[in-house]
Structure formats: structure tokens, C-alpha cells
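All remarks here apply to the structure that follows.
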2 protein chains.
Amino acid sequence: MSTRHTRASGPDLACVARLLADGTRAGFCLALLDGRAWTATELARHMGVAASTATEHLNALVSGSLLVEERQGRHRYVRLADPHVAELIENLAAMAPARPTPPRSLSAAGRRRALAHARTCYDHLAGAVGVAISDALTARGLLDWDGGLRLTAQGEAWLQDLDIAPTTGTRRPAVRSCLDWTERRPHLAGAVGAALCRHAFTAGWITRIGTTRAVTVTAVGRQALHDHLGLPDEVLQQQL
Amino acid sequence: MSTRHTRASGPDLACVARLLADGTRAGFCLALLDGRAWTATELARHMGVAASTATEHLNALVSGSLLVEERQGRHRYVRLADPHVAELIENLAAMAPARPTPPRSLSAAGRRRALAHARTCYDHLAGAVGVAISDALTARGLLDWDGGLRLTAQGEAWLQDLDIAPTTGTRRPAVRSCLDWTERRPHLAGAVGAALCRHAFTAGWITRIGTTRAVTVTAVGRQALHDHLGLPDEVLQQQL
DNA sequence: GCGGCGCTTCGGCGCCCGCCGAAGCGTCCG
DNA sequence: CGGACGCTTCGGCGGGCGCCGAAGCGCCGC
């Protein structure tokens, strides 16, 4: 095979990048950014390719250990291997140009608007609502962006008040900045971002729209976010 | 052309990933991780391809805004567009499998050993020495890894004592973890990592070996790193 | 046990893209 | 001013890879 250009050795960047260099595989990964496990056929339908094609792509992604799989009966479930992979994909997405052609159909446009409003980004919140929450946290002195993102002492106290305990013990950063591809602005990710999102689900602040990544802020959520962060209803309700 | 699979829209991940999905282009980026500007022919020779091929690759990388170029007379200098790109490449490299075939020739092996010992990684220090410094900083309570990397109050004081002032005002994280592809262990990057590396150069602690990314720790440097961090000579001198 | 369904394997097709060498252009230097 | 040098453009070649449909396999439910 190609023993050609191995002049300069080092990590084999290309073989990882190649996995994401195909539109269909990239679409799979973007879909899996919702943090859930999808079946092979779901992904195939999602991207409009044959089942056999999807199988080949999934084989590649799994053997490249970007995805992990779990077999259940006649189903093959896959999900992102770990938060590092999600982070990598987010970074790549942030660097990518916004796609020139906005969706054509009316339903696609509505779906996109819902996503732009509020959605999960792997395990934290993104979209207009995600950014608004990050901004509010910053304005109230709970987050500090100067010289790198940092959770302030008040921020830690605020989390404790709400009984939100980020998973610790791992090397995962407590707070991390994630660039939003709709808002083009950074918002809160990392262990704290994930814990906050988890809390929002369990406390009924937000609910998923169907089985998509899009979420809506419930009445309870609007009240809570107003009380705890002073967020007005306008930014929490999707404009129709 | 291919209006085929645009079923699910979003950021065009694939077009960025494709830039890094080629061995030669990836090699260029890895070389440029030294943070310096290279000419087109230097890169071509480095990867063993024709000048015309290098031109085409550089056009792609520049128009994809991973690289920026600067024309000087008959030379075309390119470098990584910004620290975000460097970070992306580092993340990708950390995820990539170590290349199965270690370099064959004797000189290549020596070069690799020098790199494994101490080198620059874009703008901070990596290799055994880089990891040792990070470990020493941690052991002395200047860095805290629990629940995400953080510079402690003692850490800030330590920097001030040494007159090291990280560039601030930018959104760049002060401290960031970077996974080393030789040591397979995280070490210090980010604005503080860069400032520390800059200081090491200007204070004469380290010098470049020729024009490569590899560096050696000088006698002055060994003394300073022993005084300030308690690092023993053994880890600072390359074993021959 | 039989049909349906999800997934996989395999051939084959076609396009994309990375490579080169030859020729040409602009810059620098003697 | 002429030659060397760095870079670019272009045509052409070859291999890799993403796609499909047909056939096959295994699990499930009736």
C-alpha cells in the first residue's frame, strides 16, 4: 500500500480526520452530538443513505473509536465514545463555515428555528437560551471569562444552593467554553454545564421536543430561570 | 455537483475535516505546530512532495483559513491561523493512534528521541521535560487538576515572582491541558504555558536544536528549574 | 416454524482528489 | 541584464472511497 509519504512521522492525524471528512459520517456525528444512542437505520434515514452504506460508515467510526456500539437483539446502537470526542466535534463545527444554503422546506426551517432557540449540545445547553444562561451567569459574577473561563466562589455557592453537583474525579474541565454554531458565541460547557443541563431536565425546567435535540423551556423553567438568574420570559419563549 | 446528501443541515464539519484528512496536509500542520512560519518549499521538502503539490495543499489550507500566509519577495510564508487551530490539531493528534512504525533510520531515531525529550508544542513546552514541569507545578500546589485544570493562588504568586506575565484580555484560557503524543500524558498549555515557554527562551533556560521543534535545557535552565521547581538533572538532560 | 425486519457482505460503478512533470511567471542577485 | 530560484498553473494519470442493490444472516414476533 501507500508507504509513500511517511517522511515525517508523528501521530497519524489524517486517519482520524478522514473519519470526519465525509459528509455522511460527519452528519452521523453531528446527530450523535445529542448524546443519545441511535440505531444504524435511524442514522441511515437521517442522512438519506442506504442501510449498507450506513453500516460501512459505522464500522469505520467504531474501529476508529470515535463511536462505541452496543448490540441489542437485532439492533445496533451507537453513541459518541466519550466527552472528548464530543468536544473535538464541537471544536471542528465551530471552525466550519455556516452552511451557505439554509434549509428549503418549511418544516425544515421550523425545525432549525427550534434548534436555534434551545437545544442540547451533547450534554449541555446551547442555542439562544444556552447563551442567555451563560451571559446571565457571567453578569451575576458566577462565571469569570477574564483570562480564561473560571467558576467564581459565588458561582460554586450558587450551584450548591440549587443542589447541583457536577461530576468530579475525572480530568474533565469543570467549566469549558463551547462555541455555538447558531449564535456564534461561546456558552457554558464542561462538567458544570452538563450538571446544569441535567438539573434542568430533572427539575422539569425544560423538555425535549419529540426525539430531537431541540428543547422547550416549560412554565416551571421560565419561573425558575427568572428567579435564579433574572432571565426575562422573552428570551425563554420561542418566537413564532 | 453533489446536491446529494444535504438532508440534515448544520455546520459543514466535513469540509474542515477534509483539510486535515490527507497525510501530506496533516504533516504540514503538524510541522507548523512549532508556531513558526515555514516557506512552501521547506514544507514540500519536509514531506517529500513536489513543489506544485505543496502549492495546491497550501491553497486549500489557506482558503479554509487553517493557515495564514505572508508573501515576502519570492517566498510564501505560512503559519497556523491562530491558537484555536493549534488546539484543534493537538486534540486531533491526541486522539490519533501512535503511528505503528517507528522511524527506521538512525538519524530519524535520534531526532525522535530529541523530540520526545523536550520540544515546543505550538507555543508551550512538551515532551518529557514539559510533562515533568507540569507535574512539579502540580506537586507544589501551583496547579490544581481536581475538577478541571486551575491555577492556584500560590501559582499566580509564583508566576509574579518570576516576572512571568501571561497575555490577558483575550478569551484564551489561562491554563489548558494538552495531551502529549510521546508521553501520552497531559501537560500545561494555554496562556500560562505559552508565557512560561517564552520566559524559558528569553532567560536562556532552553535553546532550540537547530531549526527544529526540539529544545535542550541549558546549564542555566537546569539550575533555574532545580531552584524554582526542584527538578533533578536526570529528567532535564537527554539520555544518550 | 415462518415471515418480517435490522443489519451485513460483496461486486461493481463512478467520481474525487492527490500526485507529478513541464512550462511559465515574478523576484532576487551577481 | 541574464541566470538562478521560489512559486504557480495546467493536463493527465492512478488509486481510493462512497454509493448502491442484491443476496444472505440472525433475531424477533406471530
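Chain letters run A, B, ... following the sequence lines, proteins first, then strands; residues in each count from 1. Since the structure is predicted, the reported quantities are computational estimates derived from the model, not experimental observations.
- Computed from coordinates, the A/Trp38 CH2 to C/dG6 C1' distance equals 17 Å when rounded to whole Å.
- Rounded to whole angstrom, the span from the NE2 atom of B/His75 across to the P atom of D/dT8 amounts to 12 Å.
- Note: CZ (A/Phe28) to P (D/dC19) measures 8 Å, nearest angstrom.
- Using modelled atom types, one finds no donor on one side chain facing an acceptor on the other under 3.5 Å when comparing B/Arg76 with B/Thr55.
- Side-chain atoms of A/Thr39 stay outside donor-acceptor range of the base of C/dG6, with no qualifying N/O pair under 3.5 Å.
- As rounded to whole Å, 13 Å separates atom P of D/dC19 from atom CG of A/Leu43.
- For CZ of B/Arg79, the number of neighbouring non-hydrogen atoms (other residues, nucleotides, ligands) closer than 6.0 Å is 12 at most.
- Checking A/Gly73 against A/Ser52, the closest nucleotide of DNA chain D that is more toward the 5' end is the one next to A/Ser52.
- The nearest whole Å value for the distance from the CZ atom in B/Arg71 to the C1' atom in D/dG6 is 11 Å.
- Between B/Val78 and the options B/Thr39, B/Leu61, B/Leu43, a side-chain contact (heavy atoms from CB on, under 4.5 Å) holds for only B/Leu43.
- Atom CD of B/Glu56 and atom C1' of D/dC13 are 13 Å apart (whole Å).
- Side-chain N/O atoms of A/Thr24 and base N/O atoms of D/dG18 include no donor-acceptor pair closer than 3.5 Å.
- In terms of phosphate contacts, A/His57 brings a side-chain nitrogen or oxygen within less than 4.0 Å of OP1 or OP2 of D/dC19.
- Between the C1' atom of D/dC5 and the CD atom of B/Glu42 lies a distance of 14 Å, rounded to the nearest Å.
- Residues B/Arg208 and B/Thr216 have side chains that never bring a donor and an acceptor to within less than 3.5 angstrom of each other.
- Between A/Glu70 atom CD and C/dG6 atom P there is a gap of 19 Å when expressed in whole angstrom units.
- One finds a salt bridge joining A/Glu90 and A/Arg176 here, because a Lys/Arg side-chain nitrogen approaches an Asp/Glu carboxylate oxygen to under 4.0 Å.
- Contact check, B/Arg76 against D/dT8: a side-chain N or O comes under 4.0 Å of OP1 or OP2.
- Remark: B/Arg18 is not in phosphate contact with C/dC16, judged by side-chain N or O atoms under 4.0 Å from OP1 or OP2.
- Residue A/Arg74 places none of its side-chain N or O atoms closer than 4.0 Å to OP1 or OP2 of C/dT8.
- Look at A/Thr53 and you won't find any side-chain N or O under 4.0 angstrom from OP1 or OP2 of D/dG18.
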